[in-house]
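Below is one structure, written out as structure tokens, with a few remarks after it.
Model, not experiment: these values are computed from the prediction.
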Amino acid sequence: MSEITALYADEDGEIYDMPGFAGMGRTGRTNVPLTPEDLVPLPESADLMFLPGRNAVGISPEGEVLPIVGRAVAAILPAGYTRLYLPAYERGDDAERLPLYGYTAVVVYRDALYAAAVYTDENDKWDPLHYNTKDLKKLVKRTQKELPRNRIVEQVAGCSLKWHCCTAQNLFYRRWEAGIPTSPVCNANCFGCISLQPAECCPSPQQRITFRPTPQEIAEVGIYHLSVAPDGIVSFGQGCEGEPSLAADNIAEGIRLIRQKTQRGQINMNSNAGYTEGVKKIVDAGLDSMRVSIISAREEGYDAYYRAGYRLEDVKRSIRYALEHGVYVSLNLLYFPGFNDREEELAAWQAFFRELPVQMIQVRNLNVDPDAFLDIMPEPEGRAVGTRMFLEELHREFPQLVIGSFSHYIEG
């Protein structure tokens, strides 16, 4: 029972353990042994996937790292879990790029399935049990009837029923954080964008909006939600849109219209924060919180992933302005074991937080093909210290920094 055993999948997708072969994980491009301290029981809401074109890998009874005749297996974890290791595998020469998921090492331990991860945030609001309920279609129709001809409602209805977006569904459940998509365009070309990918890559898991909502449409949805929702949040910058600060004029006017009707709840924006003038307009209109998507505190890493029409210094200027104007700022840290935890990345983050005392980082597993991601990112300059040490070092130097996975409702 104390052994950590490798898994593999056959050609039909059936998953088996490989007795005698110790399970491994991967950090960057390196397969490494796993220890019991790396493992948590596989969450009930996790999914298992096999990885086409990639052989499973394990440590043989003789201590050799060997491929297993079978496909590598990965766990896809629910939000709240930060993966420590990627699945260990050997990639075939003809392997195609993987879809955009957060692949995590999974093994057998104590006669059960375990994942290489750590639980970073307890938030029952995002438990999958609260979503995709039997009455969702009826609730969608109710809101469509109450807010007829509002294009935002029609957009998030599709996101709810087709793409199963939780933030979209909360509008119809009348609770918590609800998304208000606003921008069909973006000023970045993120390698792992979930709403727009080139045809030669892989399917996007969401469909980007094709229209620009008016301030009146924005306000109508915002007033509707914040007036009734417990712990109500409305958020601009969803998975089904581009960069919301590019719609700054409409969002700013929408916020003013919302606040003319209700002071309840929280107005949030998820942004890359690269367009500082747009961010300033939205902050000045009454933004309460801003979550900034970011992958690296170094220009080289940031530019390689975002491929943007702005620079990291612009992002810093936006964050500084928001902090100076009382906005609660969190970072949506796109996390990849073997990249973010490199020594040079950790040092850059420490310098970043000394300069910009944001209140929170939300550690999010980066949904991407591991090899394709590493192919575009800078080569390592130092060793990877490990995810646990990366988070522990940040917490040690910045004890006020909340490290979690979700946007938190800000009281008062």
Exercise. Could you pull out all residues at least two apart from Asp303 that satisfy salt bridge (Lys or Arg N to Asp or Glu O under 4.0 Å)?
Key: Arg311

Practice problem: Apply salt bridge (charged side-chain N to carboxylate O under 4.0 Å, His left out) to Glu324 and Arg317, showing your working. | Solution: CA-CA 11 Å; Glu324 290 172 350; Arg317 277 193 289 272; over 6 Å; no

Exercise. Look only at the side chain of His130 and the backbone of Asp124, and say whether a donor-acceptor pair between them is shorter than 3.5 Å.
Key: yes

Quiz item: Does atom CD of Glu11 have more than 12 heavy-atom neighbours from other groups under 6.0 Å away?
Solution: no

Exercise. Using the test salt bridge (Lys or Arg N to Asp or Glu O under 4.0 Å), find all partners of Arg142 that sit at least two apart in sequence or belong to another chain.
Key: none

Practice problem: Report yes if the side chains of Tyr109 and Thr5 come closer than 4.5 Å at any heavy-atom pair, otherwise no. | Solution: no

Self-check item: Side-chain donor-acceptor contact under 3.5 Å, Asn332 with Asn270
Solution: no

Practice problem: Applying side chain to side chain donor-acceptor pair (under 3.5 Å), name anything that partners Gln144, two or more places apart in sequence or on another chain. | Solution: Glu154

Quiz item: Is Lys316 close to Phe352 at the side-chain level, that is, under 4.5 Å between some pair of heavy atoms?
Solution: yes

Quiz prompt | Pairing residues for Tyr89 by the ring-ring contact (aromatic ring centres under 6.0 Å, His included) criterion, not counting sequence neighbours | solution = none

Quiz prompt | Any Leu333 side-chain heavy atom under 4.5 Å of Gln362 side chain | solution = no

Quiz prompt | Residue pair Thr167 / Asn170, side-chain donor-acceptor N/O under 3.5 Å | solution = no

Quiz item: Just by distance, with hydrogens left out, do Ser235 and Glu177 show a side-chain donor and acceptor under 3.5 Å apart?
Solution: yes

Quiz item: Which pair of non-hydrogen atoms, one from Ile295 and one from Leu366, has the smallest distance, and what is that distance?
Solution: CD1-CD2, 3.9 Å

Quiz item: Out of Gln155, Glu217, Glu220, which one pairs with Asn150 under the side-chain hydrogen bond (donor to acceptor under 3.5 Å, both in side chains) rule?
Solution: Glu220

Exercise. Could you note down all residue pairs passing ring pair (Phe, Tyr, Trp, His ring centres under 6.0 Å) where residues 9-32 supplies at least one of them, sequence neighbours left out?
Key: Tyr8-Tyr16

Practice problem: Any ring pair (Phe, Tyr, Trp, His ring centres under 6.0 Å) involving residues 46-88? Give me the pairs, sequence neighbours left out, ordered by first then second residue. | Solution: Tyr81-Tyr119

Exercise. Decide yes or no on salt bridge (charged side-chain N to carboxylate O under 4.0 Å, His left out) for Arg29 and Asp375, but give the supporting numbers first.
Key: CA-CA 10 Å; Arg29 297 190 192 273; Asp375 285 345; 2.6 Å; yes

Quiz item: Between Asn340 (side chain) and Phe336 (backbone), is there a donor-acceptor pair under 3.5 Å?
Solution: yes

Quiz item: Considering only heavy atoms from C-beta outward, does the side chain of Asp135 approach that of Tyr173 to under 4.5 Å?
Solution: yes

Quiz item: Out of curiosity, Arg83 CZ to Ile76 CD1, how far, rounded to the nearest 0.5 Å?
Solution: 8.5 Å

Exercise. Might you point out which heavy atoms bring Ala285 and Ala252 nearest each other, and give the distance in Å?
Key: CB-O, 3.5 Å

Quiz item: How about Asn272 and Glu243: does a side-chain donor come under 3.5 Å of a side-chain acceptor?
Solution: yes

Self-check item: Set of salt bridge (Lys or Arg N to Asp or Glu O under 4.0 Å) partners for Glu392, sequence neighbours left out
Solution: none

Self-check item: Heavy-atom side-chain contact between Pro380 and Arg383 under 4.5 Å
Solution: no

Quiz item: To the nearest 0.5 Å, how far apart are OG1 in Thr120 and CG in Asn365?
Solution: 8.0 Å

Quiz prompt | Pairing residues for Arg264 by the side chain to side chain donor-acceptor pair (under 3.5 Å) criterion, not counting sequence neighbours | solution = none

Quiz item: Run the salt bridge (charged side-chain N to carboxylate O under 4.0 Å, His left out) check on Arg298 and Glu381 step by step: do they pass?
Solution: CA-CA 12 Å; Arg298 303 172 72 229; Glu381 297 176 10; 2.9 Å; yes

Practice problem: Assign the ring pair Tyr335 / Phe390 to parallel, tilted or perpendicular, where the plane angle (0 to 90°) is split at 30° and 60°. | Solution: tilted

Quiz prompt | Distance-minimising heavy-atom pair for Ala117 and Val40 | solution = O-CG1, 3.3 Å

Quiz item: Considering residues at least two apart in sequence or located in another chain, which fulfil the ring-ring contact (aromatic ring centres under 6.0 Å, His included) criterion with Tyr224?
Solution: none

Quiz item: If you round to the nearest 0.5 Å, how far is CG of Leu48 from CG of Leu7?
Solution: 8.0 Å

Exercise. Using a 4.5 Å cut-off on heavy atoms from C-beta on, say whether the side chain of Arg175 contacts that of His225.
Key: no

Quiz item: Looking at Tyr305 and Phe373, what are the two nearest heavy atoms and their distance?
Solution: CD1-CE1, 4.0 Å

Quiz item: Which pair of heavy atoms, one from Ile410 and one from Ser289, lies closest together, and at what distance?
Solution: CD1-CB, 3.9 Å

Exercise. Only pairs at least two apart or in different chains count here, so list each side-chain hydrogen bond (donor to acceptor under 3.5 Å, both in side chains) that has a residue in residues 39-55.
Key: Arg54-Asp369

Quiz item: If we only count heavy atoms from C-beta on, is the Glu299 to Glu313 side-chain gap below 4.5 Å?
Solution: yes

Quiz item: Hey, do the aromatic rings of Phe191 and Tyr306 have their centres closer than 6.0 Å?
Solution: no

Quiz item: Under the side chain to side chain donor-acceptor pair (under 3.5 Å) test, which residues partner Asp288, sequence neighbours left out?
Solution: Arg259

Quiz item: Does some side-chain heavy atom of Ser296 sit less than 4.5 Å from a side-chain heavy atom of Glu345?
Solution: yes

Quiz item: What pair of heavy atoms forms the shortest contact from Ser318 to Thr276, and how long is it?
Solution: OG-OG1, 2.9 Å

Quiz item: Can you name the side chain to side chain donor-acceptor pair (under 3.5 Å) partners of Lys125, sequence neighbours left out?
Solution: Asp231

Exercise. Report yes or no: does Ser160 contribute a side-chain atom to a donor-acceptor pair with the main-chain N or O of His164 at less than 3.5 Å?
Key: no

Quiz item: Within the distance-only criterion (no hydrogens, no angle test), does the side chain of Arg307 pair as donor or acceptor with the backbone N or O of Asn189 below 3.5 angstrom?
Solution: yes

Quiz item: Checking Gln359 side chain against Ser330 main chain: does a donor-acceptor pair fall under 3.5 Å?
Solution: no

Quiz prompt | Arg149 CZ: over 12 foreign heavy atoms closer than 6.0 Å | solution = no

